[in-house]
Amino acid sequence: MKYDIHRLDIETTKKGQIYDSLEDNAVKVVNYLKKSIQKETLECLNVYYGQGDGCYMMVYAEKSCSFILIHDERIKKSYNFSNKDYANDETEVELAGYYFPQMCICENKDILFDIIIHFFETGKINEKYEWFEFDE
């Protein structure tokens, strides 16, 4: 699988890794990322899709919880994952030293991985899930 990734930063509890592209090592990186999510060692992920004014995704994680932000520069919109189990719950949750509203916290490792891989493939949100949408 070819991904149009031009920068990927992965921080885990053990180490940080930076990739300028995934041309030569996509399978290895995807497997490492999946293992990091399943073992709950992922702390932060920053990925830039496309060249120039493209899109980026930021993930902050701690154990089985994560906050996901996707920004699409082309249409000037940002998206936060929406956890329908906590609709309108703005209680602050600390993840990786930052605070996010409970209604934006993903608590499912498989969903997180699915969202990340979909972004790797398309540079877009995964529409199987609900999102809060913001204009820039």
Side-chain angles (χ1 to χ4, degrees):
M1 174 71 52
K2 182 175 175 168
Y3 304 115
D4 189 14
I5 303 300
H6 71 93
R7 172 118 176 154
L8 172 64
D9 301 340
I10 302 172
E11 290 183 38
T12 67
T13 55
K14 297 179 178 21
K15 65 180 176 178
Q17 295 184 324
I18 299 172
Y19 302 91
D20 291 325
S21 74
L22 296 184
E23 288 181 16
D24 300 327
N25 52 2
V27 172
K28 178 181 168 187
V29 172
V30 167
N31 287 338
Y32 174 75
L33 187 55
K34 184 172 189 168
K35 190 181 296 184
S36 297
I37 292 169
Q38 292 302 322
K39 289 185 171 188
E40 300 180 350
T41 61
L42 180 67
E43 290 184 336
C44 186
L45 172 81
N46 291 303
V47 57
Y48 299 87
Y49 181 92
Q51 298 293 326
D53 289 340
C55 307
Y56 66 85
M57 169 190 276
M58 293 174 26
V59 175
Y60 294 97
E62 194 168 304
K63 299 187 180 176
S64 64
C65 295
S66 59
F67 172 82
I68 307 160
L69 166 78
I70 295 176
H71 177 74
D72 189 333
E73 184 62 32
R74 300 166 294 195
I75 60 172
K76 308 284 191 229
K77 293 204 181 281
S78 293
Y79 305 88
N80 290 342
F81 177 80
S82 174
N83 186 332
K84 58 187 173 189
D85 293 337
Y86 296 100
N88 301 321
D89 185 347
E90 296 184 18
T91 304
E92 296 282 312
V93 175
E94 182 180 2
L95 296 177
Y98 298 94
Y99 291 89
F100 306 101
Q102 180 70 53
M103 63 190 183
C104 295
I105 301 299
C106 177
E107 298 176 313
N108 184 304
K109 298 176 207 174
D110 295 327
I111 290 174
L112 173 60
F113 185 72
D114 190 34
I115 289 170
I116 292 170
I117 292 304
H118 184 81
F119 185 82
F120 278 17
E121 293 171 350
T122 67
K124 298 179 181 177
I125 61 170
N126 189 326
E127 294 187 6
K128 291 193 297 189
Y129 309 105
E130 294 183 31
W131 298 87
F132 292 108
E133 181 179 314
F134 305 93
D135 291 328
E136 186 176 273

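Both backbone and side-chain heavy atoms feed into the values below; hydrogens, waters and symmetry mates do not.
Here the CD1-OG distance, from I125 to S78, works out to 11.0 Å after rounding to the nearest 0.5 Å. Rounding to the nearest 0.5 Å places NZ of K63 at 11.5 Å from OG1 of T13. Between the NZ atom of K34 and the NZ atom of K109 there is a distance of 12.0 Å, given to the nearest 0.5 Å. The structure places CG of L22 at 8.0 Å from OH of Y3, a figure rounded to the nearest 0.5 Å. Y19 OH to Y32 OH: the interatomic distance, rounded to the nearest 0.5 Å, is 7.0 Å. Taken from CD in E11 to CG in N46, the straight-line distance is 7.5 Å, to the nearest 0.5 Å.
The number of heavy atoms from other shown groups lying within 6.0 Å of CD (E127) does not exceed 12. Heavy-atom neighbours of Y98 OH from other residues, nucleotides or ligands within 6.0 Å: at or below the threshold of 12. Sparse packing is recorded around CD of E23, with 12 or fewer heavy atoms of other residues, nucleotides or ligands lying under 6.0 Å away. Crowding of E90 atom CD: a count of heavy atoms from other residues, nucleotides or ligands under 6.0 Å not exceeding 12.
Neither Y86 nor I68 shares a network with the other; the hydrophobic side chains, linked directly or stepwise wherever heavy atoms of I, L, V, M, F, W or Y lie under 4.5 Å apart, form separate groups for each. V30 is not connected to Y56 by any chain of hydrophobic side-chain contacts under 4.5 Å among Ile, Leu, Val, Met, Phe, Trp and Tyr, and they are in different clusters. Under a hydrophobic-cluster definition in which Ile, Leu, Val, Met, Phe, Trp and Tyr are linked whenever side-chain heavy atoms come within less than 4.5 Å, directly or via other members, V59 and L95 are assigned to different clusters. When hydrophobic clusters are built by joining Ile, Leu, Val, Met, Phe, Trp and Tyr residues whose side-chain heavy atoms come closer than 4.5 Å, directly or via intermediates, F113 is not grouped with L69. Cluster membership check: I116 does not share its hydrophobic cluster with Y48, using side-chain heavy-atom separations under 4.5 Å among Ile, Leu, Val, Met, Phe, Trp and Tyr.
For Y60 and F100, the ring centers are positioned less than 6.0 Å apart.
Under the 3.5 Å distance criterion, the side-chain polar atoms of N31 are matched with a main-chain donor or acceptor of V27. With hydrogens and angles disregarded, no donor-acceptor distance shorter than 3.5 Å links the side chain of K77 to the backbone of D72. Distance alone, capped at 3.5 Å, places no donor-acceptor pair between the N25 side chain and the K28 backbone. At least one donor-acceptor pair closer than 3.5 Å links the side chain of E62 to the backbone N or O of A96.
I10 places a side-chain heavy atom less than 4.5 Å from the side chain of V29. Side-chain atoms of M58 and H71, non-hydrogen and from C-beta on, never get closer than 4.5 Å to each other. The side-chain heavy atoms of K124 and C55, taken from C-beta on, include no pair separated by under 4.5 Å.
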*Could you check W131 against I115 for side chain to side chain contact (heavy atoms under 4.5 Å, CB included), going step by step and ending with a plain yes or no?*
CA-CA 11 Å; W131 298 87; I115 289 170; 3.8 Å; yes

*Please lay out, stage by stage, how R7 and I18 fare under the test side chain to side chain contact (heavy atoms under 4.5 Å, CB included).*
CA-CA 7 Å; R7 172 118 176 154; I18 299 172; 3.5 Å; yes

_Test log, rule side chain to side chain contact (heavy atoms under 4.5 Å, CB included), inputs I70 and F81_ = CA-CA 9 Å; I70 295 176; F81 177 80; over 6 Å; no

*Might you work through the side chain to side chain contact (heavy atoms under 4.5 Å, CB included) test for T12 and K39, ending with a clear yes or no?*
CA-CA 10 Å; T12 67; K39 289 185 171 188; over 6 Å; no

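Minimum interatomic distance between C44 and L42 (heavy atoms only, all atoms of both residues): O-CD1, 3.7 Å. The nearest pair of heavy atoms linking H6 to Y49 is CD2-C, 4.1 Å. Of all heavy-atom pairs between R74 and G123, the closest is NH2-O, 3.6 Å. The two residues M103 and F132 have their closest heavy-atom pair at O-CE1, 3.6 Å. Between D114 and K128, the closest heavy-atom pair is OD2-NZ, 2.8 Å.
Screening L45, I37, L33 against L112 for a side-chain contact (heavy atoms from CB on, under 4.5 Å) leaves a single residue, I37.
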